[in-house]
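Below, read A as the first sequence line, B as the second, and so on, with proteins coming before strands; counting in each chain starts at 1.
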Amino acid sequence: MTDPEQLDVAGSVRAAGDHALLVIPPLPAMIEAVMSALQPRPRGVVDLLPAAETVLVTLDSPQSRDPVRKRLLALLARLEAGVSAGDLRLPDRSPVGIGVAVSGSGGERSEREPVVIPVRYGGEDLPEVARLLDVSEAEVVGRHTGIVWRCAFVGFAPGFGYLESPDARLTVPRRTQARTAIPAGAVALAGGYSAVYPRRSPGGWQVIGTTDASMWDVDRDPPALVRAGTPVRFVDAGRQS
Amino acid sequence: MSALRVDRVGPLATIQDLGRPGWFDSGVGAAGAADRASLRLANRLVGNAEGAAGIEVLLGGLELLAQRHVTVAVTGASAPVTVDDRPMGTASVLEIEEGQRLRLGFAASGLRSYVAVRGGIEVSPVLGSRSRDTLSGIGPEPLRAGDVLPVGPPPRALPIVDVAPVPALGNDLLTVRAVPGPRADWFTDAEALFAGEWTVSPDTDRVGARLDRRRGPALQRCVASELPTEGMALGSVQVPPSGQPVVFLADHPITGGYPVIAVVVDADVDTVAQARPGQALRFRRIE
């Protein structure tokens, strides 16, 4: 998809106030490498929030900003050196997504068994999704169940994971009008991501099915079924006998 | 040990401590007291650890009946405090005997008062915190009349002062310090935020404070494309297409899709959390 050689690979570390830094790595595919290089969390770092193209780093005090920024800049320099030296392997976007292995970083790849989520397909927007993609509804289900998704990041609500597809063949826009209430367990698509709504909430994603899987349970450890980096496989519950 | 019965609540009263940092990977934000400095002060006054759970009271209207002797302090918004109808000072140590009634009237300035009880409110923590996160619906339910609140054992430390000198929150123009944001370069002139004055809109809650232009230039974007979802820090000044900025407070969503033009410095987030609808506010730029 992207050729690292042809990109402006300059990443940056930007202030997000006096208690946080926003890390923009040279390539979005390096988010995972940034995350694993920050495990365990460096001194002064409270939490890390990976998203589509950035990692937000929250700090315990303004005094931590400079030392942590220096460390992040050194990390970005290492990643950039990897890109120009050509030893940055951007693996095939399969089987579990867009992990980046950088030599020497010990990058943690998701070799884990996928979390399996049984889905009853036939959501309200399934016909519209099929129309947008110009395929049959069965093909939409086939594509949704035929790959291992990977949680790129979480947000919106506790337990709401943005699942990324290795082949991007289910990329549809959000609905033109958001629904005021989407039930818990709704399985939906938007902007190249799939997600399961952990609880009833408003939302603009295209609903293609429902699941009984409990995405969020505060009494469970960890409470979220899907977290950043978790591989996920959907199965067609209607096909199970 | 139950010690306080809730007899009335005003618009909203929640239990808050200093929040639950460390749960971003589950999609959970920090929450905690909207004005942390006021909660800390109230706790210090009664000899608690600063992070003990207290009650955050929006605008006032709270009435508590002591079921045994308790030591409390009220800080934050200037809600008149009475014990059995006798006026009491705010930011002072109050000894309330069994059967006495603590009342908070409606605040004339500021939005949120904090009631700390020696020993702390000991409801069950959720993910390590007793904060109510109003966005996620995590943590103890908002208070309702009839609730009985457990209070923990008194800490070893004793109150060391009777009253803290705290300037009253006024209704005048507020100045808050902010650092240019990670997406300041998405605006034709990010300095426009710091020019002129803003008005706090009625659309303000624990999630964020929306601002309207009082006087000064509009915020105009030079990058029209959509921002891929990214993490949002506490105090972020996010600018949706309307150009009306929102300052993210305690229960803000952890990710967002609109560019952040500036971020209010941590210490001044407490000030924004106390700004009343209609109050004027200006941003002072610092690096």
Side-chain angles (χ1 to χ4, degrees), chain A residues 12-24 28 35 41 45-62 65 151-162 191-193 198-201 215-230, chain B residues 18-31 124-129 133 135-139 176-185 226-238 247-248 252-257 259-269 286-287:
Chain A
S12 64
V13 178
R14 300 182 178 188
D18 60 350
H19 266 65
L21 294 163
L22 188 72
V23 184
I24 307 175
M35 289 298 289
R41 290 174 202 162
V45 171
V46 173
D47 210 349
L48 300 169
L49 180 55
E53 299 182 355
T54 58
V55 178
L56 182 74
V57 179
T58 54
L59 306 169
D60 59 1
S61 76
R65 199 167 63 161
C151 180
F153 55 93
V154 294
F156 180 65
F160 188 96
Y162 290 75
Y193 296 105
R199 64 176 193 154
R200 184 182 163 88
S201 52
M215 303 306 292
W216 174 257
D217 178 357
V218 286
D219 296 324
R220 185 172 60 193
D221 184 23
L225 184 64
V226 168
R227 296 185 294 162
T230 306
Chain B
L18 294 178
R20 55 175 69 78
W23 289 96
F24 283 167
D25 70 349
S26 290
V28 177
S124 303
V126 176
L127 306 181
S129 163
D133 182 332
L135 183 77
S136 299
I138 294 175
V176 298
R177 293 164 294 168
V179 178
R183 301 297 176 185
D185 55 351
E226 235 178 272
L227 180 73
T229 299
E230 70 185 20
M232 296 279 145
L234 179 71
S236 286
V237 184
Q238 199 193 50
V247 183
F248 276 166
H252 71 90
I254 62 173
T255 59
V260 171
I261 192 170
V263 183
V264 174
V265 301
D266 195 72
D268 290 3
V269 170
I286 63 163
E287 278 312 317

Chain A contact via [X] - side chain, backbone, both or neither, heavy atoms under 4.5 Å:
{"X": "B:Val260", "value": "neither"}
{"X": "B:Ile138", "value": "side chain"}
{"X": "B:Ile254", "value": "both"}
{"X": "B:Val263", "value": "both"}
{"X": "B:Ser236", "value": "neither"}
{"X": "B:Pro182", "value": "both"}

Salt bridge (charged side-chain N to carboxylate O under 4.0 Å, His left out) partners of B:Asp185, counting only residues at least two apart: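 So B:Asp185 forms a salt bridge (charged side-chain N to carboxylate O under 4.0 Å, His left out) with A:Arg14.
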Contact class of [X] relative to chain B, heavy atoms under 4.5 angstrom:
{"X": "A:Leu48", "answer": "backbone"}
{"X": "A:Ala51", "answer": "both"}
{"X": "A:Ala228", "answer": "backbone"}

If you tally heavy-atom pairs under 4.5 Å against chain B, which of A:Gly155, A:Ala16, A:Pro50 wins?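 That would be A:Ala16.
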Which one wins on heavy-atom pair count under 4.5 Å against chain B: A:Ala52, A:Gly17, A:Ala224, A:Pro158?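 Most heavy-atom pairs within the cutoff with chain B belong to A:Pro158.
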Hey, could you give me the [atom1]/[atom2] distance between [X] and [Y], rounded to the nearest 0.5 Å?
{"X": "A:Leu56", "Y": "B:Phe24", "atom1": "CG", "atom2": "CZ", "value": "6.0 Å"}
{"X": "A:Leu22", "Y": "B:Met232", "atom1": "CG", "atom2": "CE", "value": "8.5 Å"}
{"X": "A:Thr58", "Y": "A:Leu49", "atom1": "OG1", "atom2": "CG", "value": "8.5 Å"}
{"X": "B:Arg183", "Y": "B:Leu227", "atom1": "CZ", "atom2": "CG", "value": "5.5 Å"}
{"X": "B:Gln238", "Y": "B:Phe248", "atom1": "CD", "atom2": "CZ", "value": "3.5 Å"}
{"X": "A:Phe153", "Y": "B:Thr229", "atom1": "CZ", "atom2": "OG1", "value": "4.5 Å"}

Aromatic contact between A:Tyr193 and A:Phe160, with the criterion being ring centroids under 6.0 Å apart: yes or no?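 No: the rings miss the under 6.0 Å criterion.
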Check whether any side-chain heavy atom of B:His252 sits under 4.5 Å from a side-chain heavy atom of B:Val247, and report yes or no.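 Heavy-atom side-chain distance check fails, nothing below 4.5 Å.
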Which of the residues B:Val28, B:Val265, B:Leu135 is involved in the greatest number of heavy-atom pairs with chain A at under 4.5 angstrom?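 With the most close heavy-atom pairs to chain A, the winner is B:Val265.
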As an exercise: rank B:Pro180, B:Ala233, B:Gly22 by heavy-atom pairs under 4.5 Å with chain A and give me the winner.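 Option with the greatest count: B:Gly22.
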